[in-house]
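It should be emphasised that the depicted structure is a prediction, and the values quoted were computed from it without experimental measurement.
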Amino acid sequence: MSELADGFNRTQISREGNKIRIDCFIDDRFVYSALHLAEDFSNTLTEVMA
């Protein structure tokens with residue numbers, strides 16, 4: 001698991017088999033979750049970085 005935080009917002013990114021889970025928190029309150037296929041996530045990052 002990877003975690004990004006700035007003191008107020010926190011995002012956790014973890015891998016679950018062939019999927020990537022993204023959980024977001026604001027002021028330690030859960031606000032969003034998404035589960036993406038790792039391949040789709042990788043393709044999107046590749047396009048953004050190009």
Here the salt bridge (charged side-chain N to carboxylate O under 4.0 Å, His left out) pairs for residues 1-11, sequence neighbours left out, are E3-R10, R10-D28

Could you list the residues that satisfy side chain to side chain donor-acceptor pair (under 3.5 Å) with R15, not counting sequence neighbours?
none

Sequence-distant partners of S33, side chain to side chain donor-acceptor pair (under 3.5 Å), two or more places apart:
R21, D23

Dump the intermediate steps for side-chain contact (heavy atoms from CB on, under 4.5 Å) on I26 and F8, then the final yes or no.
CA-CA 6 Å; I26 297 175; F8 183 71; 3.3 Å; yes

What do the steps show when you test I22 against H36 for side-chain contact (heavy atoms from CB on, under 4.5 Å), and what is the final call?
CA-CA 8 Å; I22 302 170; H36 301 278; 4.1 Å; yes

Contact between I20 and L35 at the side-chain level, heavy atoms closer than 4.5 Å - yes or no?
no

